Amino acid sequence: MLATLVDAPFDDADWLFETKWDGYRAIAAVHNGKVQLYSRNEKDFGKDYPAVVAAVENIAHSVVLDGEIIVLDSKKNSHFQSLQNYKTTGKGNLVYMVFDLLHLNGNELQQLTLLERKSLLKDVVTQLGDKRVQYSGHVLKKGKAFFEKARRQHWEGMIAKKADSPYEEGRRSASWLKIKVTNEQEAIICGFTAPRGSRKKLGALVLGLYDDKQLKYIGNCGGGLNEATLDMLSKKLQPLVQPTSPFDRKVRTNMPVTWVKPKLVCQVKFSEWTGDGILRMPVFLGLREDKPPSDVHPETPKTVQTMATVTATAEKDRVLTLNGKKVNLTNQQKIYWPKEKITKGQLVDYYLSVAQYILPHLKDRPMSLHRFPNGIDKPSFYQKDLDLEQTPAWIKSIALHAASTGKDVDYLLCNNEAALAYMVNLGCIEINPWLSRTSKLDNPDYVVMDLDPENIDFKYVVEAALHIKAFLDPYKITTFCKTSGSTGLHIYIPTGGKHSYDTGRLFAEYIARQVNKQLPKSTSVTRAKAARNKKVYLDFLQNSRGQTVAAPYSVRPKPGATVSMPLQWKEVNEKLKISDFDLFNSQERLNENGDIWHDIQTTKNDLRKFIRDVEQSADS
DNA sequence: GACATCG
DNA sequence: CGATGTCAACGCGTG
DNA sequence: CACGCG
Ligand SMILES: [Mn+2]
Ligand SMILES: [Mn+2]
């Protein structure tokens, strides 16, 4: 379980607050006196910290502990530097500071509340009675005061945890928030400058990180480098020297640079980011040998999606200037998710933060508005027809004829941030675009298979999805899968706009019926609910003009503020859960991986062979 | 959520 | 003035 | 044509 970085402390009775210890995160599994100690990348720590192993060995139970390996100074502070020092010199008060208990004597505890788990953990630690294993305490509710203490003590920061939260394995969670006193950032060493004056070996480190998959220059760091550190860095960097810059773009450094392969990761602290994304006053803190360079991304404080900002942005209304238009945002503090206490303002912030990724999937597509003006637990309604009288003039729309009512409908087009924010302000929690665009309204860009489980375990949805992929793979047809964010999965099959809705629907029906033949027990192609109880409904009927599917990266009006998340096919497995992706953790995935559905519009599938088989089956 | 109408 | 009321989809399949 | 369904 990882913490989400936020930017300000808060008081809340549902939360508890712990010291943020500065060392290496480590899991210890103790079973029959045997100990496994490892990092969150499953790197074995046992050999590096035999003292910790020796201490936890004496625990008289079978346990799995979560904690941080640190060096405590006389003031009970931890510094990453001291731990580095311990590794080379063996000096310092090494402590395994534990804060969670996952298993106890064969019982899985993940589903207990945090407070229940910590209470059991405290008993285990007390019973052990070894100074090398300590229990990380907490304060309840008063986060602001605790943050002041963190500042005075020069801690790295504090962790806010939801008191009733379960333990979420391996995931970054909205129930654990990291609030830092100083800014820190992992960075990749990409080169170094020549030494000046009395300094030896090297002058400053040239740092970079991966932003949207691109290696980006983030500044030079000359602070925090003493003679021993310079010596160590120089030794490690020499073998990595290369003639050319690892950056795609030319970087402006004042000094000539010796470039190195971007392999070595370090931790720096800094005062702030400059406007053009450069670290101001960075100070080197140490190497992060536990981190692969590909994992180094901007750790931007999540100013927006937190308890913290709700109080900070406590104003009722906001006016944002987006795309040169003033967008009035009303009732920003209104609660849209009562249980999660997520506000309308947070929803706006989410969509603006992922706008660059979601907008390409919305451009020129008529929108079905599904409005929840009073949150997810109150009545909602659909709206397709805009009242152009009361719509800002800068909102683009298109008038389209509805066959069933014989009326013309003015559909909203969501082509920029301003329109997106406007939609959300109307109470649109989810974003429902057509499958076709204004340039070719009767030809969808993709055929969609909508997999809806009806009282059946999600693993059968995964199974059905993999069967659909396996069925299409032999035709060399590229398919894209995402969570629906509600209960099922969506599979998109790009058609290059070469076929009508009617044809696309026939494709989808053919696929659905074939897969239903393979999995008759667990799937159904019948829309009537009674006929598909305890089955996965292979819904092919969304492939029609005017019908919609929740867009990629759309939030859903569901508990947990889940998000429809594009997946790699290898992620479509037994571990996948709908709840893996929500309004809090989706941006981070996007910042790291970019839009993995970016290519869906340009993917060219040759469907000729497939069409032959569909026609053949229609004949017989 | 936005607007019209009522008391 | 605030309180209250009104309105905000559509296509497909089945019986 | 009304209704269920998403
Ligand atoms: Mn669905
Ligand atoms: Mn469906």
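All chains are named by letter (A, B, ...) in the order of the sequence lines, taking the proteins before the strands, and each is independently numbered beginning at 1. Only this structure's heavy atoms are used, side chains among them; waters, hydrogens and symmetry mates stay out. Everything numeric in this text was worked out from a predicted model, so none of it was measured.
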What nucleic acid atoms does Gln547(A) come within less than 4.0 Å of, heavy atoms only: base, sugar-phosphate, or nothing? base
From the candidates dG6(D), dG11(C), dA9(C), the one with an atom nearest any side-chain atom of Ala403(A) is dG11(C)
dA4(B) and dA8(C), which share atom name C1', separated by this distance in whole Å: 15 Å
Side-chain donor or acceptor of Asn543(A) paired with backbone N/O of Phe540(A) under 3.5 Å: yes
Atom pairs under 3.5 Å: protein N/O with N/O of nucleotides 12-15 of chain C:
none

Checking contacts here: which listed nucleotide (dG6(D), dA9(C), dA8(C)) is nearest the side-chain heavy atoms of Lys384(A)? dA9(C)
May I ask you to say what Ser368(A) touches in the nucleic acid, namely base, sugar-phosphate or nothing, with a heavy-atom cut-off under 4.0 Å? nothing
Does Ser404(A) put a side-chain nitrogen or oxygen below 4.0 Å from OP1 or OP2 of dC10(C)? no
Any idea which of dG1(B), dG6(D), dC10(C) is nearest the Tyr411(A) side chain? dC10(C)
Under a 4.0 Å N-O cut-off, is there an ion pair linking Arg365(A) with Asp445(A)? yes
Are the side chain of Asn425(A) and the backbone N or O of Thr330(A) linked by a donor-acceptor pair below 3.5 Å? yes
Looking for any heavy atom pair under 4.0 Å, which part of the strands does Asp385(A) touch: base, sugar-phosphate only, or nothing? sugar-phosphate
Do the rings of Tyr510(A) and Phe471(A) sit parallel, tilted or perpendicular, given the 30° and 60° boundaries? tilted
Can you check the distance between dG4(D) and dA9(C), where both ends of the measurement are the C1' atom (answer in whole Å)? 15 Å
Which part of the nucleic acid does Asn331(A) contact within heavy-atom distance under 4.0 Å: base, sugar-phosphate only, or nothing? sugar-phosphate
Among dG6(D), dG11(C), dA8(C), the one nearest any side-chain atom of Ala402(A) is dG11(C)
Aromatic rings Trp434(A) and Tyr501(A): how do their planes relate, parallel, tilted or perpendicular, breaks at 30° and 60°? perpendicular
Answer with base, sugar-phosphate or nothing: what part of the nucleic acid does Thr405(A) contact at a heavy-atom distance below 4.0 Å? sugar-phosphate
Among dC10(C), dG6(D), dA2(B), the one nearest any side-chain atom of Thr330(A) is dA2(B)
Angle class for the His370(A)/Tyr382(A) ring planes (parallel below 30°, perpendicular above 60°, tilted otherwise)? parallel
Could you pull out all residues at least two apart from Gln390(A) that satisfy side-chain hydrogen bond (donor to acceptor under 3.5 Å, both in side chains)? none
Rounded to whole Å, CG of Leu400(A) lies from P of dC10(C) at a distance of 11 Å
So, is Tyr336(A) close to the dG1(B) phosphate, meaning a side-chain N or O under 4.0 Å from OP1 or OP2? yes
Choosing from dG6(D), dG1(B), dG11(C), which nucleotide comes nearest the side chain of Asp450(A)? dG6(D)
Spacing between Tyr382(A) atom OH and dC5(D) atom C1', to the nearest angstrom: 11 Å
Lys407(A) vs dA9(C): side-chain N/O to OP1/OP2 distance below 4.0 Å: no
Could you tell me how far apart Asn543(A) (CG) and dC10(C) (P) are, to the nearest whole angstrom? 20 Å
Which of dG11(C), dG1(B), dA9(C) is nearest the side chain of Leu426(A)? It is dG1(B)
Which part of the nucleic acid, if any, lies within reach of Lys334(A) when heavy atoms closer than 4.0 Å are counted: base, sugar-phosphate only, or nothing? sugar-phosphate
His361(A) side chain to Asp595(A) side chain, donor-acceptor N/O pair below 3.5 angstrom: yes
